[in-house]
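Data block below; observations after.
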Amino acid sequence: MKWLKMIGGEWKLIASALVAGAMLHIAATLYGANIAQSRAFTTLAGKLPINEVVFADAVTPENQPLPFFAPGSFYSYCRYDASTARVGLTAKLPGIGWSLSLYTRKGENFYYVAGKDVRETDVRLVLVPPGNLFVDASPANTPQSGPAIPRVALPEAEGIAILRAPIKGHAFRRQADEQRGAFRCQSLQ
Amino acid sequence: MRSFLSAPASFAVGPITSERFTRFKRRVQAVIGLIVRVTVFIAIAVGGGLFTSWYASTHGIAINTERVGSWVRWTHAGQLDADPYSAIRNNRLGTLPYSATFIARYEAARDDAGRRLHSSCHYAIQGPVPNASWWRLHVFDQYGRLIPNTANRFGFNAATIVSRADGTFRIDVARDARPGNWLPTPRGGRLMLVLEVLNRTGAADVPRENQRVLPTISRVSCR
């Protein structure tokens, strides 16, 4: 009772502390979410050339590029940068378990396509930078004649594309390693 | 008559009267009261504000996680419009998860009895094979690192699991070799199980309220 009486007498202090706490909570949360750079992107990007595919070795305890990266897949990376020109991506997804995902610098997965079990999926994409009409309209960046290639409007000009090829057992390792060779990533200049 | 050598009135030292002592006591009490108030203010504001932010981005809260048994799914992980707590968590873990829209990713750091998973124990993960086009289950240490083992086995997926005739499976997570689907954890300390499920439409296989059937995690024994 004594404590309750004491707290009751200090309600203004407690109320103002709660308001300050709420403001600090919001500030800390928004700072952490928006200002901080993705550690994953920083870790991977430092090792990858721009607009080129890197076929990584199988993930092992000694060769695990990022935390929680499952070793059941072969990983291929393309660190794309569409700030000066659009980027073309092509890949083949021969079956179930294959996937191509695009990530922003903050580690947000904004595009994803998965392989199907009935037929091979051919993926051809043109990555278009956000709000850069000049780059998009430039003749140098006009795609060659042929069927229209889907354009992906990037939330940010830079990011990482990851092709995951499942390792369906030791016998399939070599096959999966060969099939992922169709992954291409290049600047369309 | 006061001599010019005598101390001025303001510096005069006289006997400590009860009135002066009371005044001094009140002043000390006021200072202590101020210190206590400031401390309480800082504790509530800084402690409460930062702790709740940390808690929501580490353990999750109702708005950004879904719990099924001991499995936890961050419902906005990896999305462009992810809530800030999920974004902080991804940054902190340093991982690149699939968007929760595409892949349902469940994590378990505890068994069904609520005890932390540890490499010194043997666990049985049992349940129906996920009704999905693709799924995989892996074991990591609490920091997301793979646990080295002589079998070079770190998980199972839809293609590598050996299921029973009735459509269920059992995975034994243990230090020593077990028959069937054995996932070795010779060391690693605290463990984390990650189950990723993709359905046939290429979107996350998130079961409805009454259809959530995820594998159970039961402790068999400990060393």
Side-chain angles (χ1 to χ4, degrees), chain A residues 10 13-14 16-30 32-34 36-44 59-62 64 66-73 96-99 101 103-104 106-117 155 160 162 166-169 172, chain B residues 37 40-54 56-57 77-88 90-99 101-103 107 133-134 136 138 140 143-149 152 154-160 192 194 196 198 200 202:
Chain A
E10 299 291 348
L13 173 84
I14 292 170
S16 55
L18 286 173
V19 170
M23 288 165 68
L24 194 63
H25 174 101
I26 292 168
T29 304
L30 291 181
N34 297 316
Q37 188 61 257
S38 164
R39 278 205 298 135
F41 181 86
T42 313
T43 306
L44 274 183
V59 173
T60 60
E62 297 78 30
Q64 189 184 5
L66 295 175
F68 296 105
F69 247 42
S73 300
I96 284 287
W98 286 72
S99 69
S101 14
Y103 293 87
T104 64
K106 285 183 181 165
E108 299 151 330
N109 176 203
F110 64 92
Y111 187 90
Y112 172 83
V113 56
K116 304 266 187 252
D117 51 0
I160 289 182
I162 300 181
I167 304 172
K168 298 178 178 179
F172 295 93
Chain B
R37 283 189 181 90
V40 168
F41 183 89
I42 291 173
I44 294 175
V46 178
L50 295 183
F51 173 77
T52 50
S53 178
W54 170 84
S57 59
Q79 294 178 347
L80 267 181
D81 58 349
D83 62 281
Y85 305 115
S86 302
I88 290 175
N90 279 349
N91 290 346
R92 189 187 298 145
L93 291 177
T95 185
L96 282 180
Y98 288 109
S99 164
T101 312
F102 309 129
I103 298 271
E107 298 169 2
S133 61
W134 184 257
R136 60 187 188 182
H138 286 90
F140 300 93
Y143 304 108
R145 294 176 301 212
L146 294 167
I147 301 165
N149 62 81
N152 277 328
F154 312 98
F156 291 95
N157 60 39
T160 57
M192 175 85 92
V194 177
E196 292 175 316
L198 170 78
R200 295 189 186 283

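Below, read A as the first sequence line, B as the second, and so on, with proteins coming before strands; counting in each chain starts at 1.
The OG1 atom of A/T29 sits 13.5 Å away from atom CH2 of B/W54, with the distance rounded to the nearest 0.5 Å. Separation of atoms CG (B/N90) and CZ (A/F68) is listed at 10.5 Å; rounding is to 0.5 Å. The distance from the CG atom of B/D81 to the CD atom of A/E108 is 9.0 Å, given to the nearest 0.5 Å. With rounding to the nearest 0.5 angstrom, the CG atom of B/L96 is 9.0 Å from the OG1 atom of A/T43. A/F69 CZ to B/L146 CG: the interatomic distance, rounded to the nearest 0.5 Å, is 11.0 Å.
Counting heavy-atom pairs under 4.5 Å between each of A/S101, A/S73, A/G115, A/S16 and chain B puts A/S16 at the top. Contact count against chain A (heavy-atom pairs under 4.5 Å) is highest for B/G94 among B/G48, B/A82, B/G94. Ranked by heavy-atom pairs under 4.5 Å with chain A, the first of B/N157, B/D83, B/V46, B/N149 is B/V46. Per-residue heavy-atom pair counts under 4.5 Å with chain A were compared for B/P84, B/A159, B/A43, and the maximum is reached by B/P84. Residue with the most contacts toward chain B among A/A28, A/A27, A/A70: A/A70 (heavy-atom pairs, distance under 4.5 Å). If you tally non-hydrogen atom pairs under 4.5 Å between each of B/F51, B/F154, B/Y98 and chain A, the highest count goes to B/Y98. Heavy-atom pairs under 4.5 Å with chain A were tallied for B/G47, B/P148, B/S53, B/A56; the largest tally goes to B/S53.
B/T52 and A/H25 make their closest contact through OG1-ND1, 2.7 Å (heavy atoms, listed as atom of the first residue, atom of the second, distance). The nearest pair of heavy atoms linking B/H138 to A/P71 is CD2-CD, 3.4 Å. Summarising the geometry of A/A20 relative to B/A45, their closest heavy-atom pair is CB-CB, 3.8 Å, with the distance given to 0.1 Å.
A donor-acceptor pair is defined here as one N or O able to donate and one able to accept, closer than 3.5 Å; such a pair exists between the side chain of A/N109 and the backbone of B/S99. Here the side chain of A/Y103 pairs a donor or acceptor atom with the backbone of B/P97 at under 3.5 angstrom.
Neither the backbone nor the side chain of A/A22 has a heavy atom closer than 4.5 Å to any heavy atom of chain B. In this structure, chain A has a heavy atom under 4.5 Å from the side chain of B/T160, while its backbone stays farther away. Only the side chain of A/P155 comes within less than 4.5 Å of a heavy atom in chain B; its backbone stays farther off. Proximity to chain A is limited to the side chain of B/R136, based on heavy atoms less than 4.5 angstrom apart. Within the 4.5 angstrom heavy-atom criterion, only side-chain atoms of A/I162, from C-beta onward, approach chain B. Interface remark: B/V194 contributes side-chain atoms only to the contact with chain A (heavy atom separation under 4.5 Å).
Looking at heavy atoms from C-beta onward, B/F140 lies in side-chain contact with A/Q64 at the 4.5 angstrom threshold. At least one side-chain heavy atom of A/L24 sits under 4.5 Å from a side-chain heavy atom of B/L50. Using a 4.5 Å heavy-atom threshold, the side chains of A/P166 and B/W134 count as touching. Side-chain atoms of B/I103 and A/Y112, non-hydrogen and from C-beta on, do get closer than 4.5 Å to each other.
Applying the salt bridge (Lys or Arg N to Asp or Glu O under 4.0 Å) rule to B/R145 yields the partners B/D141; only residues at least two apart in sequence or on another chain are considered.
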